[in-house]
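These notes are about the structure you will find just below.
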Amino acid sequence: MQNTAIQVKGLQKSYKQLHVLNGVDFEVKQGSIFALLGSNGAGKTTIVKILTTLLKQDSGIAAVNRFDVALKPEHVRQSISLTGQFAAVDEILTGRENLIMMGKLRHLNNPRQVTEDLLHRFGLTDAANRRVSTYSGGMRRRLDLAMSLVGKPHLIFLDEPTTGLDPEARIEVWKIVKELADGGTTVFLTTQYLEEAEQLADRIAILHEGRIIANGTLSELKKLFPQAKVEYVEKQPTLEEIFLAIVGKKEEK
Amino acid sequence: MEAIQKHFFSDIGVMFGRSMRHIFRSMDTIITVTIMPIAFMLLFVYVFGGAIQSGADNYVNYLLPGILLIAIASGISYTAYRLFIDMQRGLFERLHSMPIARSTILWGHVLTSLVSNAISVVVIILVALFMGFRSSAGVLSWLAVAGILALFTLTLTWIAVIAGLSAKSVDGASAFSYPILFLPFISSAFVPTKSMPPVVRAFADNQPVNSIVDAVRSLLAGRHVGNDIWIALAWCLGILVVAYVFAMRVYKHKVS
Ligand SMILES: Nc1ncnc2c1ncn2[C@@H]1O[C@H](COP(=O)(O)OP(=O)(O)O)[C@@H](O)[C@H]1O
Ligand SMILES: [Mg+2]
C-alpha cells in the first residue's frame, strides 16, 4: 500500500448518546482529490478532526501516511495541514502578518519570501497590509487556504472549503484545489454540495447515518443509479439524484 | 519529537509577539488596563483623598499598591478574552494539527499576560511618581515587590485560562474578573480596615488581596514587612497551584 495517503477502517465515534460514526471505511490514494459528501450533521467534521489528530476515535483504525493517528499523532502532524470549517485567521493581524506567523511556526528559513509568493498566488498582495477584519468572506477563505499551504504539506484537509462563499469565490477556491492536486498534493475535502464533489473529486464517498454508503469515481457512482425505465429519456442522472436514490434505498431496508 | 522540543521557546515567542500586537492595536485594552486605574488613582487622590484618614502623610503612597492590583485584575480579563477568541475562531485547531508543541498557544498567552501587566504596572508607577509618589525602598524591596506582583499576575492568569477555556460566550470569558476586581475595595487598599464595621473588617483583614496590599505597601515604604509577605505568598502560591492544575485539566479535556 505504498501510495495510500489515508486509510480508515471501522471508525466509530459517539458524543455521549449520539452515535455519529458507526464503522466508517475508506482509503485515499496519494495525489488524488477525495471528497467526503454528506449532509449537515452527517459527521464529516468529526472524521476530519480524527484524521488531523484533534479528536480520538472510540474504536477502529485511522492511518495518515501510514502513521496511526491515535498512536503516532506527532508523525501525522508532520505532513498534514488543516483548513477547518471556519476560517482560522487572526482578525487583528494583517494578511501578511498571518502568513509570516505561519511561516515562523513551520520553521521555514525564508518565511517572508514564502509569504510574498502566497500573497501573490492568492491575489492578496494589495490587501496584504490590511487587517483581516476588513476582508470579505472570500478573501478570508483564500488567506485561510494560503496559511494552510505554508510549508508545502503533502496532504491537506479542507472541511467545507466553500460553504458560505458566493459563487465567484467558490470557483476561485475550486481553481486553487485543482492546482494543488496538479502539483501532487493529496486533497481530502468535505462538502455538502454535490456539484462541488462532481467538479473536483477523483473519488467520492457518501457519508450517511454514520457509514459510507457509496464510494467510487463519479462514473462508478452513476452506475449505481437504477437504470431509467423509459428508454427515450437521455438526461444523465445528476449526483444529487444518485445521492437521493442511494439514501432512499438504504432507508427502505 | 526533538524538532518540536527544539523550537518550543521560539514558537512561544511567535505567539507572544502576535498577542502583544493585539494589545497595542486595541485601544479598548489599553484604556481599561492603564487609563482606568490611573483615573481611579486621580479620583481617589484629588477628590476623595482629602477626606480619607489613611494614616500616611502622602495618600498616593498609601493608594498605589491597591491601584496596581486593580490594574492587574482588569488586565487578566483580557487574557481570558484573547484565549476564548482563539479557541472560538479555530486557531487552537489549526495549531494543534501542526507539528508544534500543543501547549505553545497556552504558554504564549501566559507570557503575554505577564509582560503586558508588567508594562501597565510600570506605566502606572510612573504616573504615580508625577503625582507625588515617593518610595524609600531599596533594590531588594523593589525586587520583592516585582516578585509579588508577578506571582499575583501569574496566579490570576491561570484563573483566566480556566475562564477563557470554559466560557460559552465572550462576556462569560471576562465576567470572572469582576469579583476579583472588587476584592481590593474590601481591603486596606483605599482605607484602613480599622474604619470598617466588624463583619466587613473580618473579611477584609483575612482575604488574599489584603495581605498583598499590605506587604507591597510596607516594602515600598521601606518599613519592616512582617508576616504579611508570607501570608501573601502563601495565598498566591496556593491559589496558583490549584488554578494551574484545574486549568490543565480543562485544557486536556478540550483538546483530547
Ligand atoms: N463536541 C460535540 N459534542 C456533542 N455533539 C457533537 C459534538 N460535535 C459534533 N456533534 C454532533 O455530531 C454530529 C456530527 O457533527 P459533525 O461531524 O460536525 O457533522 P458535519 O461536519 O458533517 O456537519 C452532529 O449531530 C453534531 O451536532
Ligand atoms: Mg462540519
Side-chain angles (χ1 to χ4, degrees), chain A residues 13 45 48-58 64 67 69-70 72-94 96-108 111 131-133 140 143-145 147-148 150-151 153 155-157 159, chain B residues 1-30 78-79 81-109 112 116 170 251-256:
Chain A
K13 177 74 195 177
T45 299
V48 169
K49 283 190 177 169
I50 292 170
L51 292 176
T52 54
T53 76
L54 297 174
L55 193 67
K56 288 212 165 66
Q57 70 266 39
D58 299 335
V64 171
F67 292 115
V69 293
K72 298 267 183 222
E74 297 90 351
H75 289 81
V76 171
R77 285 179 213 135
Q78 298 285 340
S79 60
I80 64 164
S81 189
L82 166 66
T83 307
Q85 188 165 351
F86 306 99
V89 291
D90 187 320
E91 303 261 323
I92 297 169
L93 300 186
T94 66
R96 181 176 274 123
E97 287 169 338
N98 265 287
L99 286 165
I100 291 177
M101 175 171 85
M102 296 308 290
K104 286 182 178 162
L105 291 175
R106 292 265 179 200
H107 313 120
L108 305 182
R131 287 194 199 181
V132 174
S133 54
R140 238 171 252 236
L143 177 64
D144 193 34
L145 276 168
M147 285 169 74
S148 298
V150 173
L155 168 56
I156 173 159
F157 291 87
D159 194 3
Chain B
M1 293 180 80
E2 280 157 46
I4 292 174
Q5 301 291 322
K6 194 176 82 192
H7 294 292
F8 185 57
F9 291 104
S10 65
D11 289 347
I12 290 177
V14 174
M15 297 315 291
F16 166 69
R18 155 190 179 264
S19 30
M20 287 308 287
R21 280 204 170 116
H22 282 205
I23 292 173
F24 287 116
R25 285 177 193 178
S26 144
M27 220 35 225
D28 179 45
T29 315
I30 295 171
Y78 284 93
T79 302
Y81 168 78
R82 287 188 292 267
L83 204 62
F84 176 77
I85 295 288
D86 278 359
M87 200 168 55
Q88 197 192 34
R89 297 269 163 82
L91 198 75
F92 270 69
E93 291 184 348
R94 186 188 278 285
L95 295 186
H96 285 163
S97 62
M98 285 172 58
I100 57 178
R102 288 221 148 174
S103 56
T104 303
I105 188 163
L106 213 52
W107 283 108
H109 280 292
T112 305
S116 64
V170 171
Y251 186 62
K252 292 256 157 65
H253 179 73
K254 283 274 167 188
V255 305
S256 70

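We name chains A, B, ... by the order of the sequence lines, and we start the count at 1 in each one.
- Contact between A:R106 and A:R77 at its shortest, heavy atoms only, is NH1-O, 4.4 Å.
- When all heavy atoms are compared, the tightest approach of A:I100 to A:P111 is O-CB, 4.3 Å.
- Residue contact with chain B, scored on non-hydrogen atoms closer than 4.5 Å, is absent for A:S79.
- Contacts with chain B were tallied for A:G151, A:P73, A:S148; A:S148 has the most, counting heavy-atom pairs under 4.5 Å.
- Interface residue A:D90: only side-chain heavy atoms are found under 4.5 Å from chain B.
- Of the listed residues (A:M102, A:E97, A:K104), the one with the most heavy-atom contacts under 4.5 Å to chain B is A:E97.
- Residues A:K49 and A:D159 are not in side-chain contact: their nearest non-hydrogen atoms beyond the backbone lie 4.5 Å or more apart.
- Of the atoms belonging to B:L95, it is side-chain heavy atoms, and not backbone ones, that fall under 4.5 Å from chain A.
- The structure places CD1 of A:I80 at 5.5 Å from CZ of A:F157, a figure rounded to the nearest 0.5 Å.
- Distance check, rounded to the nearest 0.5 Å: NE2 of B:H22 to NE2 of B:H109 gives 8.0 Å.
- Interface summary for chain A: among B:R25, B:R21, B:H96, the most heavy-atom pairs under 4.5 angstrom belong to B:R25.
- Between A:D144 and B:R94 a salt bridge is recorded (basic side-chain N to carboxylate O distance below 4.0 Å).
- If you measure heavy-atom distances from A:E91 to chain B, the contacts under 4.5 Å come from the side chain alone.
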